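For reference, the structure is listed below as C-alpha cells.
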Amino acid sequence: MLSIFERADRFKDRKAIHSNNQDYTYADLITASNAVAANLLNDAVDLNEGRITFLVPPSFEYTAVEWGIWKAGGIAVPLCVLHPLPSIQYVLEDTQAEVVIAHEDFIGFLKPLESVLGVTLVTLESILKQNSKAMPKLEPSRRAMILYTSGTTSKPKGVVTTHGNIEAQITTLVNAWEWEKDDYILNILPLHHVHGIINVMSCALWSGACCEFLPKFDAEKVWDIIKSGRLTLFMAVPTIYYKLISFWESTNEKEQAELSEAASKLRLMVSGSAALPVPVLEKWRSISNQTLLERYGMTEIGMGLSNSYRGERRPGHVGLPLPGVEMRLVDSNNHEVKENEPGEFQIKGPSVFKEYWQKPEATQKAFTEDGWFITGDIGMLNNGLYKILGRDSVDIIKSGGYKISALEIEDILRKHEQINDCAVVGLPDEEWGELIAACIVSPSSELDTKALSKWIKTQMPAYKTPRKYVLVKELPRNVLGKVTKNEVKKLF
Ligand code: MLC
Ligand code: AMP
C-alpha cells in the first residue's frame, strides 16, 4: 500500500477535511476513496495507469476521487473548474482519457464532449456509491498524476509524476516546515496545480492534519476563518496576500486590531508560485507580525528552494535547496557560476517529474545530458541565500500565480477575424505580478476590446485573458524580422 494510505489508517478517527460545512474523518476518506476505486475498477483488477480525468471543485469529494483513482492504479488528471470547454477538450484529447468524473454542476457543460470524443461521463454520485473490492499493489515508480503547465510551446504540456515523486514532494515539505497532526490549513487555491494539491492538501493528509476547503478565494471569508482561530498554517500566492492586505485596509481600526491579533497566532504563513514583492512582505509583517516564508517551486519539481522555518527568512530571497533536492546554478555552457553571478537553476532529485506526457522530445530537451532538469529560471546566490532574478523566456508570464504562455494566447488571438497579427507580453504589476497585455494588428481602425475579451473567454480560462490592449499598424521587429517583446512592452 502507498505510504499516504498506510498513514491514513493510523489517523482514522482524526478530522481530515472540512468542506461544505461538514467535517470528514480519515476513516470517511478511506471508505469513500475505496468506493471510488471499486467503482472505477468494476470487473478489472487494475486500471494500469489509465487516465481518469475529474472535474470536481475543491472538496472532500475531490480528495476521495483523487485517492480512489490512485488506489485503483489509475493516473489522476484533475481538470480546472475555471476552464472553458476547448481547454478541457484539449486535456481529454491529450491524455486520451476514457472517463471524466464530474460534479453535477458540470455534467451539462461536459455533455457535448461525450459524442465528440467518445468519453464516458460519470457522476460523482455514482462513483461514490458504496462498494468495495481488492486493490492492486502499487509500486512507487507507477505514474500517478498529470498536471498541465504552460511552457515555451503554445499548448500546455502534461507533467507526469509518479507516486514516488509525489511522496518526495510531500515529505521534503513536511520535514522542512515541521508539519504535525495538530496542524489545520485552509486551502483556497485551485486544485489543478502543485501548490494546492501537494503543498496544502497532500502535506496535510500525510501528516494526519486537517485541510479545510474554500472552493473559491474570497478575502473576507479568509479573514473570517483566520479570525476563528482554527488555522495553524496558511499558504498562498503573493496576489492573495495583496488582496488580504487590501481587505484589512478597508476595515475600521477595531476590526483591524482583531484581524491582526488573529493572524499573528498562526505558526507559519508561506508565499510562493511567483515572486513576493518586498513591500507586500513588509506590509503583511506590519499587519500580522508574521514574516512570510517564501519558497520556490515548479510543477515539474514540486518545491525546490525554501527560506528557513526556524532560521532566516530574507525578503526578496527564496532560501536554500530543500532536503533531498540537488540544485546547481549554471551559465549557458552548463558550468556552475560563482556567488553573486546570475545563472540558471537546474534541479535533480526524487521529486523531479518523470516525463511530459507523450512528448519524448520535449522531455529530453528539458534535461541536460547528465540528468539535471533545466528550470528556465534565472537566479543567483547572494550572501548565502538564493534569489530569483527572472525567467530566460519573455514568453512565460506569471499572473496571479498562474503560469501563462504568451504564445498560447497569441495563437488564440490570431484565430479572431479582427486580428491579423499580435504579440502578447506581461507587464509588471504589484497586485498580479504581471498583467497580460496584447498588442494587436487589425484590419479595422478600432478594436472592441470588450467583445474581444468576451470571445477570448470562450476559448481560454479568464485568468489567461489580456487585460490591456494596444492597436498598432505593425509589430515592432528587429532586423531579422523577429518581434521584439521588449519594444512591445514600451507601447503600453
Ligand atoms: C482575475 N482577474 C485578473 C486576473 N485574474 N485581473 C488581472 N490579472 C489576472 N491574472 C480579475 C477578473 O477579471 C475579475 O475582474 C477579478 O479579477 C476577480 O476575478 P476572480 O477570478 O474572481 O479572481 P480571484 O478569485 O480574486 O483570483 C485571484 C487569485 C487566483 C489570486 C485567487 O488568480 C488564483 O487562485 N491564483 C492561484 C494560482 C495558483 O494556484 N498557482 C500555483 C501554480 S503551481 P472583474 O473586473 O470582472 O471584477 C506553481 C508552482 C509553485 O506555481 O511554485 O507553487
Ligand atoms: P508552474 O509551472 O505554474 O509550476 O510555475 C513555476 C514557476 O513559478 C517557476 O518556474 C518560477 O518561474 C515561478 N515561481 C515559483 N515560485 C517563485 C518564487 N518564490 N519567486 C519567483 N518565481 C517563482
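We count ligands from 1, going down the list as the structure has it; atoms in each ligand are counted the same way. Throughout, residue positions are numbered sequentially from 1 according to the sequence presented. Not measured: the values here are computed from a predicted model.
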Query raised in the report: In terms of residue, atom name and distance, what is the protein heavy atom nearest to atom 17 (C) of ligand 2?
Result: A274 N, 3.6 Å

Query - Polar contact flag, side-chain donor to acceptor under 3.5 angstrom, T299-Y148 - result: no

**Report entry** Interatomic spacing from CG in N175 to OH in Y309 - rounded to 0.5 Å
**Finding:** 13.0 Å

Report task. Might you work through the side-chain contact (heavy atoms from CB on, under 4.5 Å) test for H317 and E294, ending with a clear yes or no? Result -> CA-CA 7 Å; H317 291 69; E294 184 171 7; over 6 Å; no

Report summary line: The atoms of ligand 1 lying under 4.0 Å from a heavy atom of M303, numbered in the order shown, are 51 (C), 53 (O), 54 (O)

Query raised in the report: How many angstroms lie between atom CD1 of I170 and atom CG of L205, to the nearest 0.5 angstrom?
Result: 8.5 Å

Query raised in the report: Relative to ligand 2, is R391 under 4.0 angstrom through side chain, backbone, both or neither, heavy atoms considered?
Result: side chain

Query raised in the report: Quick one: which ligand 1 atoms are inside 4.0 Å of a heavy atom on I240?
Result: 31 (C), 32 (C)

Query raised in the report: Heavy-atom distance under 4.5 Å between the side chains of W432 and K398, does that happen here?
Result: no

Query raised in the report: Does atom 28 (C) of ligand 1 have a protein non-hydrogen atom under 4.0 Å from it?
Result: yes

Query raised in the report: Does the protein put a heavy atom less than 4.0 Å from atom 52 (O) of ligand 1?
Result: yes

**Report entry** Contacting atoms of ligand 2, where contact means under 4.0 angstrom from a heavy atom of V318
**Finding:** 19 (N)

Query - Point-to-point distance, once rounded to the nearest 0.5 Å, from CG of L491 to CG of L475 - result: 9.0 Å

Report task. Take the angle between the ring planes of Y386 and F345 and call it parallel below 30°, perpendicular above 60°, tilted in between. Result -> perpendicular

**Report entry** Nitrogen or oxygen of E434 less than 3.5 angstrom from that of ligand 1
**Finding:** no

Report task. For atom 1 (P) of ligand 2, find the nearest protein heavy atom and state the residue, atom name and distance (0.1 Å precision). Result -> T299 OG1, 3.4 Å

Query raised in the report: Do R230 and S228 have side-chain atoms, one donor and one acceptor, less than 3.5 Å apart?
Result: yes

Query - Verdict with reasoning, F367 to F353, per ring pair (Phe, Tyr, Trp, His ring centres under 6.0 Å) - result: CA-CA 11 Å; F367 290 88; F353 77 125; 5.6 Å; yes

Query raised in the report: Got a protein heavy atom sitting under 4.0 Å from atom 19 (O) of ligand 1?
Result: no

Query raised in the report: Which distance, rounded to the nearest 0.5 Å, do you find between the CG of L268 and the CE of M235?
Result: 5.5 Å

Query raised in the report: With atoms numbered from 1 as shown, which atoms in ligand 1 lie under 4.0 angstrom from a non-hydrogen atom of K398?
Result: 49 (C), 52 (O)

Query - Parallel, tilted or perpendicular, as decided by the 30° and 60° cut-offs, for the rings of F234 and Y241 - result: perpendicular

Query raised in the report: Hey, is atom 48 (O) of ligand 1 under 4.0 Å from any protein heavy atom?
Result: no

Requested in this report: Could you find the nearest protein heavy atom to atom 5 (O) of ligand 2 and give me its residue, atom name and distance?
Outcome: K398 NZ, 2.9 Å

Report task. Take the angle between the ring planes of H416 and W455 and call it parallel below 30°, perpendicular above 60°, tilted in between. Result -> perpendicular

Query - For V194, atoms of ligand 1 separated by under 4.0 Å from a heavy atom - result: 44 (S), 50 (C)

Report task. Please could you name the atoms of ligand 2 that E294 approaches to less than 4.0 Å, counting only its heavy atoms? Result -> 18 (C), 19 (N), 20 (N)

Query raised in the report: Who's the nearest protein heavy-atom neighbour of atom 2 (O) of ligand 2, and how far?
Result: K403 CD, 2.9 Å

Report task. Mark the output for E431 as yes if a heavy-atom distance to ligand 1 is under 4.0 Å, and as no if none is. Result -> no

Query raised in the report: Can you list the ligand 1 atoms lying under 4.0 Å from a non-hydrogen atom of F217?
Result: 32 (C)

Report task. Please check if a non-hydrogen protein atom sits closer than 4.0 Å to atom 13 (O) of ligand 1. Result -> yes

Query raised in the report: Is there at least one pair of N or O atoms, one from H193 and one from ligand 1, spaced under 3.5 Å apart?
Result: no

Query raised in the report: Should you measure from each heavy atom of K216, which atoms of ligand 1 turn up under 4.0 Å away?
Result: 20 (P), 22 (O), 24 (P), 25 (O)

**Report entry** Verdict with supporting geometry, R285 and T291, side chain to side chain donor-acceptor pair (under 3.5 Å)
**Finding:** CA-CA 5 Å; R285 185 154 53 191; T291 302; 3.2 Å; yes

Requested in this report: Could you tell me whether Y296 and ligand 1 have an N or O pair separated by under 3.5 Å?
Outcome: no

Query raised in the report: Among G400, G426, P461, whose heavy atom sits nearest atom 36 (N) of ligand 1?
Result: G400

Query raised in the report: Could you state the interatomic distance from CG (N382) to CZ (R314), rounded to the nearest 0.5 Å?
Result: 6.0 Å

Query raised in the report: Which is closest to atom 11 (C) of ligand 2 by heavy-atom distance: V270, I378, D377?
Result: D377

Query raised in the report: Is the shortest distance from atom 38 (C) of ligand 1 to a protein heavy atom below 4.0 Å?
Result: yes

Query - Charged tip of K155 within 45° of Y90 ring normal and under 6.0 Å - result: yes

Query raised in the report: Considering all protein heavy atoms, does one lie under 4.0 Å from atom 31 (C) of ligand 1?
Result: yes

Query - Shortest heavy-atom approach to atom 54 (O) of ligand 1 - which of A236, G272, S273, A219 - result: S273

**Report entry** Pick from G302, A275, P238: the one approaching atom 22 (N) of ligand 2 most closely through a non-hydrogen atom
**Finding:** A275

Query raised in the report: Who's the nearest protein heavy-atom neighbour of atom 16 (N) of ligand 2, and how far?
Result: S273 N, 3.3 Å

Query raised in the report: Which atoms of ligand 2 sit under 4.0 Å from any heavy atom of M298?
Result: 4 (O), 6 (C), 10 (O)

Query raised in the report: Less than 4.0 Å between atom 5 (N) of ligand 1 and some protein heavy atom, yes or no?
Result: yes

Requested in this report: Return yes or no for this condition: an N or O of R295 is under 3.5 Å from an N or O of ligand 2.
Outcome: yes

Report task. Select the closest option to atom 10 (N) of ligand 1 among S399, G304, P190, judged by heavy-atom distance. Result -> S399

Query raised in the report: Does E300, backbone or side chain, put an N or O under 3.5 Å from an N or O of ligand 2?
Result: no

Query raised in the report: So T484 and N486, side chain to side chain donor-acceptor pair (under 3.5 Å) or not? Walk me through it.
Result: CA-CA 6 Å; T484 46; N486 286 335; over 6 Å; no

Report summary line: ligand 2 to T149, heavy atom cutoff 4.0 Å, flagged ligand atoms 2 (O)

Query - F492 six-ring centre to K468 NZ/CZ under 6.0 Å and within 45° of normal - result: no

**Report entry** Spacing of CG belonging to L471 relative to OG belonging to S442, to within rounding of 0.5 Å
**Finding:** 5.5 Å

Query raised in the report: Are Y356 and E300 linked by a side-chain donor-acceptor pair shorter than 3.5 Å?
Result: yes

Requested in this report: Under 4.0 Å, heavy atoms only, figure out whether ligand 1 is touched by the backbone of L435, its side chain, both or neither.
Outcome: side chain

Report task. Do me a favour and list the nearest non-hydrogen protein atom to atom 1 (C) of ligand 1 with residue, atom name and distance? Result -> W432 CH2, 3.4 Å

Query raised in the report: Is T239 close to ligand 1, meaning an N/O of one under 3.5 Å from an N/O of the other?
Result: no

Query raised in the report: Can you find an N or O of I188 that's nearer than 3.5 Å to an N or O of ligand 1?
Result: no

